[in-house]
Amino acid sequence: QEAIDLAERQVQEEKARQEREAQAAIQLVEMQLQEEKDRQEREAQEAIELVERQELEEKRRKDKEEQDEIDRPLREQQEEETKLRIESERATGKTNPFANPFAADMANEPPSPAVVEPKEDPYA
């Protein structure tokens, strides 16, 4: 009888051990599946965000192009007016009354010594 009881106990212990191992294996697989699912969800979210950023950048680019097209006639008109005004001033000898009358002289003169910062000789 003792041998039978011992054998039954050993069978029960082996069965319990196998059940624990099986449960641990199931938990491991479930954990791995959850990690894979989380990884895929992160990647999908990152892909969605990337596409949204690209769409937003494309929309901004298109909006800028459209605004440039809208602004082009005015800009070209202003450039033409400036060009004509400069040509007219050169032809008539008239210049902008608000321009610095000494600008041409100052462009050809070296700066006055008081304005030039003295430089220290790094080797002195």
Side-chain angles (χ1 to χ4, degrees):
Q1 184 64 32
E2 289 179 21
I4 294 173
D5 290 344
L6 178 63
E8 287 178 355
R9 204 170 33 249
Q10 288 174 339
V11 167
Q12 289 297 326
E13 287 174 0
E14 180 62 20
K15 184 178 176 184
R17 185 188 64 75
Q18 289 176 351
E19 286 178 5
R20 284 192 306 271
E21 287 178 359
Q23 188 60 37
I26 291 170
Q27 288 175 342
L28 177 63
V29 169
E30 287 175 344
M31 190 171 64
Q32 290 170 337
L33 288 173
Q34 185 62 43
E35 287 174 355
E36 179 63 17
K37 180 182 172 190
D38 292 347
R39 184 189 63 76
Q40 289 177 352
E41 287 176 356
R42 274 193 313 274
E43 288 177 357
Q45 185 61 36
E46 289 170 0
I48 290 169
E49 290 171 0
L50 176 63
V51 168
E52 289 173 347
R53 277 194 309 274
Q54 290 172 338
E55 288 174 347
L56 182 60
E57 289 171 5
E58 180 66 16
K59 182 183 181 316
R60 287 180 180 154
R61 186 188 61 76
K62 284 183 180 179
D63 289 350
K64 184 180 182 311
E65 286 177 1
E66 289 173 4
Q67 189 62 45
D68 287 348
E69 282 298 314
I70 292 169
D71 294 344
R72 183 186 319 260
L74 177 61
R75 188 174 56 249
E76 289 174 352
Q77 178 186 355
Q78 290 172 337
E79 290 171 358
E80 186 63 26
E81 288 173 357
T82 300
K83 182 179 161 187
L84 291 173
R85 181 181 48 78
I86 291 171
E87 289 174 2
S88 172
E89 288 174 356
R90 286 184 183 151
T92 62
K94 295 181 181 176
T95 58
N96 181 351
F98 300 106
N100 183 346
F102 304 107
D105 294 337
M106 291 191 318
N108 295 324
E109 290 181 13
S112 68
V115 175
V116 176
E117 295 288 329
K119 294 192 175 158
E120 293 182 25
D121 184 2
Y123 300 104

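For clarity, every value in this text was computed on a predicted model and none was experimentally measured. Heavy-atom basis, side chains included; hydrogens, waters and symmetry copies ignored.
- Listed by chain and number, the residues in a side-chain contact (heavy atoms from CB on, under 4.5 Å) with D68 are K64 (sequence neighbours excluded).
- Partners of Q67 by side-chain hydrogen bond (donor to acceptor under 3.5 Å, both in side chains), not counting sequence neighbours, listed by chain and number: D71.
- Taking E49 as the reference, nothing meets the salt bridge (charged side-chain N to carboxylate O under 4.0 Å, His left out) condition, with sequence neighbours excluded.
- Every salt bridge (charged side-chain N to carboxylate O under 4.0 Å, His left out) that D63 has, sequence neighbours left out, goes to K59.
- Atoms CD and CE, from Q27 and M31 in turn, are 9.0 Å apart once rounded to the nearest 0.5 Å.
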query = For E66 and E69, what are the C-alpha separation, side-chain angles and deciding distance, and is it a side chain to side chain contact (heavy atoms under 4.5 Å, CB included)?
reply = CA-CA 5 Å; E66 289 173 4; E69 282 298 314; 5.6 Å; no
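- In this structure K83 satisfies the salt bridge (charged side-chain N to carboxylate O under 4.0 Å, His left out) test with no other residue, sequence neighbours excluded.
- With values rounded to the nearest 0.5 angstrom, Q40 atom CD is found 10.0 Å from K37 atom NZ.
- For E14, the side-chain contact (heavy atoms from CB on, under 4.5 Å) partners are R17, Q18, not counting sequence neighbours.
- Summarising the hydrophobic clusters (Ile, Leu, Val, Met, Phe, Trp, Tyr; side-chain heavy atoms under 4.5 Å, direct or chained), the residues clustered with V29 are L33.
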Indicate every side-chain donor-acceptor pair of residues 74-81 with a distance under 3.5 Å to a residue at least two apart or in another chain.
{"from": "Q77", "atom 1": "NE2", "to": "E81", "atom 2": "OE2", "distance (Å)": "3.0"}

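- A search for side-chain hydrogen bond (donor to acceptor under 3.5 Å, both in side chains) contacts involving E19 returns nothing, not counting sequence neighbours.
- Through ILVMFWY side-chain contacts below 4.5 Å, L50 is grouped with nothing and stands alone.
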ask   = Given the rule in the salt bridge (charged side-chain N to carboxylate O under 4.0 Å, His left out) test, do R61 and E58 qualify, once you have shown the distances and angles that lead to the verdict?
value = CA-CA 5 Å; R61 186 188 61 76; E58 180 66 16; 2.3 Å; yes
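- Atom CG of residue D5 and atom CD of residue Q12 lie 11.5 Å apart, to the nearest 0.5 angstrom.
- Taken to the nearest 0.5 Å, the CG atom of L28 stands 13.0 Å off from the CD atom of E21.
- For R39, the salt bridge (charged side-chain N to carboxylate O under 4.0 Å, His left out) partners are E36, E43, not counting sequence neighbours.
- Here I70 sits alone; no ILVMFWY side chain lies under 4.5 Å from its own, so it joins no hydrophobic cluster.
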